[in-house]
Amino acid sequence: GLSALSLASTSAHAAAQKVVIAESQGFSWAIPYLVSSKNLWKSHGIEASTLQFTSGRLAFDAAVAGKAQFATSTDSVVGLAGANGVRSYIVAEFTRLSSGMVVVARTDRGINTPAQLKGKRIATTLGSSGHYFLSRYLSLHGLTLKDVTVVNLRGPDAVTAITQGGIDAFAWGWDAGQQAMEQSAGKVVQLLADGLERVFVSHYVLTANEEVVHKSPKLVEGAVRALLDAEAFYRAQTDEAIALVAQRTKSTVETTREGLSNVKLGVRLDERLIDDLVLNGEWAVESGLTQRPSQDLRQLYRGLVYPDALRAAAADRVTLSR
């Protein structure tokens, strides 16, 4: 009797699975930040450490390279990687937004309207949701990426570059835009984004590398349950949650609250995600970032979404057609 009991207790201690999460920066990642801040992994038998990156693309690359089991990323990154034959799975979406990305520009370079971006030097991170956003934003105003010079910079570097005058504009997160406006003594303005939701929705997702999905489905389910716990915490204790996200992003509570008012938080997997992955894939092919895959894009991306973990945790959050 006793030996069986002591065995059970030691195996419970051994059961905490150590994982590494590659995380991106910005208030749009509020849900996974809250998982870390409140250590919501723990109740699902997960002991997590985080690696921090400046974009979802860099976080995703780290997980694909095996430096992490999970990454917080965006549909644009998965869309491009998937079209290039990289097999890493979306296990849950936790945020979507249209207005969380902005184009800011220097008025002293003669840019007050989106049409005036023509011929200008605009920074974003190549192959990221910012790059995709810029192409969609330009399309609203009769321009394409060929009409501008795209400068490949990380978000923090774009803020520095626009403040110092090295670039004319950048396309990146709303919080980076706020920083650039604060630091530029009135020379940088945010350009209008009317009608953006018609052409651009960005999905913030938790991805898991292939090995984790195939070998540790219970671990994936635990991670997804932790996201659901974080969402519930955010809804029940919004003020505390916003304060924790502000602390994490080194922003003010006011800026964080305003930023989060523009996003739709919620753990889910639905057809709109697949629709936007397909748009991302088409864009990647048209932009010359990848060859057209032999497989139909919709089938390809449906195969890169792994719904079983979320279905087990909260079946009503999965509305994908089978």
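Looking at every heavy atom in both residues, R57 comes nearest to T125 through NE-CG2, 4.3 Å. Contact between L134 and A171 at its shortest, heavy atoms only, is CB-CB, 3.9 Å. I46 and A223 make their closest contact through CD1-N, 3.6 Å (heavy atoms, listed as atom of the first residue, atom of the second, distance). Summarising the geometry of S88 relative to A208, their closest heavy-atom pair is OG-O, 3.2 Å, with the distance given to 0.1 Å. Annotation for D229 and S43: closest pair OD2-OG, 4.1 Å, computed over non-hydrogen atoms. Nearest heavy-atom pair, A309 versus V220, reported as atom, atom and distance to 0.1 Å: CB-CG1, 3.6 Å.
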#### Entry: Derivation of the side chain to side chain contact (heavy atoms under 4.5 Å, CB included) call for Q164 and Q183
CA-CA 10 Å; Q164 295 176 351; Q183 292 171 23; over 6 Å; no
### Task
Please lay out, stage by stage, how L228 and L310 fare under the test side chain to side chain contact (heavy atoms under 4.5 Å, CB included).
CA-CA 9 Å; L228 288 162; L310 185 53; 4.2 Å; yes
### From CA spacing to verdict: side chain to side chain contact (heavy atoms under 4.5 Å, CB included), V150, R121
CA-CA 6 Å; V150 179; R121 287 168 56 79; over 6 Å; no
### Message
One pair to check against side chain to side chain contact (heavy atoms under 4.5 Å, CB included): Y137 and M101. What are the steps and the verdict?
### Response
CA-CA 10 Å; Y137 183 88; M101 300 206 96; over 6 Å; no
### Task
Please test R311 against E221 for salt bridge (charged side-chain N to carboxylate O under 4.0 Å, His left out), starting from the C-alpha separation and ending with a verdict.
CA-CA 9 Å; R311 214 172 252 142; E221 189 187 320; over 6 Å; no
### R272 and D276: CA distance, side-chain angles, deciding distance, salt bridge (charged side-chain N to carboxylate O under 4.0 Å, His left out) verdict
CA-CA 6 Å; R272 178 69 201 251; D276 287 320; 2.8 Å; yes
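Remark: R248 is positioned above the aromatic ring of Y33, its terminal NZ or CZ atom under 6.0 angstrom from the ring centre and at most 45 degrees off the axis.
A donor-acceptor distance shorter than 3.5 angstrom exists from the side chain of R109 to the backbone of G165, with no hydrogens or angles considered. Remark: the backbone N or O of V199 is paired with a side-chain donor or acceptor of R136 at under 3.5 angstrom. The main-chain N or O of A284 is never found under 3.5 Å from a side-chain atom of S287 such that the two would form a donor-acceptor pair. At least one donor-acceptor pair closer than 3.5 Å links the side chain of D296 to the backbone N or O of R298. Between the R225 side chain and the A312 main chain, a donor and an acceptor come within less than 3.5 Å of each other.
Using a cutoff of 4.0 Å between basic side-chain nitrogens and carboxylate oxygens, R268 and E231 are not scored as salt-bridged. For R106 and D108, the salt-bridge test passes: some basic side-chain N is under 4.0 Å from an acidic carboxylate O.
A 4.5 Å side-chain heavy-atom check between F170 and V151 finds every atom pair outside the cut-off. The closest side-chain heavy-atom distance from S28 to L97 is below 4.5 Å. T207 is not listed as a side-chain neighbour of F70, based on a closest heavy-atom distance of 4.5 Å or more. Side-chain atoms of V64 and N209, non-hydrogen and from C-beta on, never get closer than 4.5 Å to each other. Between K38 and E240 the shortest side-chain heavy-atom distance falls below 4.5 Å. You'll find the side chain of L219 reaches within 4.5 Å of the side chain of Q17, heavy atoms only. In this structure the side chain of T74 reaches within 4.5 angstrom of the side chain of W29, judged on heavy atoms. At a threshold of 4.5 Å between non-hydrogen side-chain atoms, the residues I111 and L191 count as touching.
Partner of L126 under the side chain to side chain contact (heavy atoms under 4.5 Å, CB included) criterion, chosen from L153, L80, L289, N152: N152. The salt bridge (Lys or Arg N to Asp or Glu O under 4.0 Å) with R96 is formed by just one residue from the set D275, D75, D270; it is D270.
Distance OG1/T252 to CD/Q247: 13.5 Å, rounded to 0.5 Å. To the nearest 0.5 Å, atoms CG (L117) and CG (D168) are separated by 9.0 Å. Here the OG-CZ distance, from S321 to R302, works out to 6.5 Å after rounding to the nearest 0.5 Å. Between the OG1 atom of T72 and the CG atom of L227 there is a distance of 10.0 Å, given to the nearest 0.5 Å. Atoms CD1 and CD, from I242 and E258 in turn, are 11.5 Å apart once rounded to the nearest 0.5 Å. A distance of 5.5 Å separates CG in L320 from CD1 in I274, rounded to the nearest 0.5 Å.
Checked by atom type, the side-chain pair S36/E23 shows a donor-acceptor distance below 3.5 Å. Between the side chains of S76 and N280, at least one donor N or O sits under 3.5 Å from an acceptor N or O. A donor-acceptor contact closer than 3.5 angstrom is absent between the side chains of W172 and T124.
Criterion: ILVMFWY side-chain heavy atoms under 4.5 Å apart, direct or through other members. Under it, V20 and L206 are not part of a common hydrophobic cluster. Linking ILVMFWY side-chain heavy atoms closer than 4.5 Å, directly or via other members, places F53 and Y204 in two distinct hydrophobic clusters. With hydrophobic clusters built from ILVMFWY side chains whose heavy atoms lie under 4.5 angstrom apart, V305 does not share a cluster with V201. Cluster annotation: L58 is not connected to V77 through the hydrophobic network of ILVMFWY side chains, with a link wherever side-chain heavy atoms come within less than 4.5 Å. At a threshold of 4.5 Å between side-chain heavy atoms, the hydrophobic network of Ile, Leu, Val, Met, Phe, Trp and Tyr places V189 and V102 in one connected group.
Checked against the 6.0 Å centroid criterion, the rings of W174 and F27 qualify as a close aromatic pair.
Classified by interplanar angle (parallel below 30°, tilted 30° to 60°, perpendicular above 60°), the ring pair Y89/H214 is perpendicular.
Counting non-hydrogen atoms of neighbouring residues, nucleotides and ligands closer than 6.0 angstrom, the CD atom of Q291 reaches no more than 12 such neighbours.
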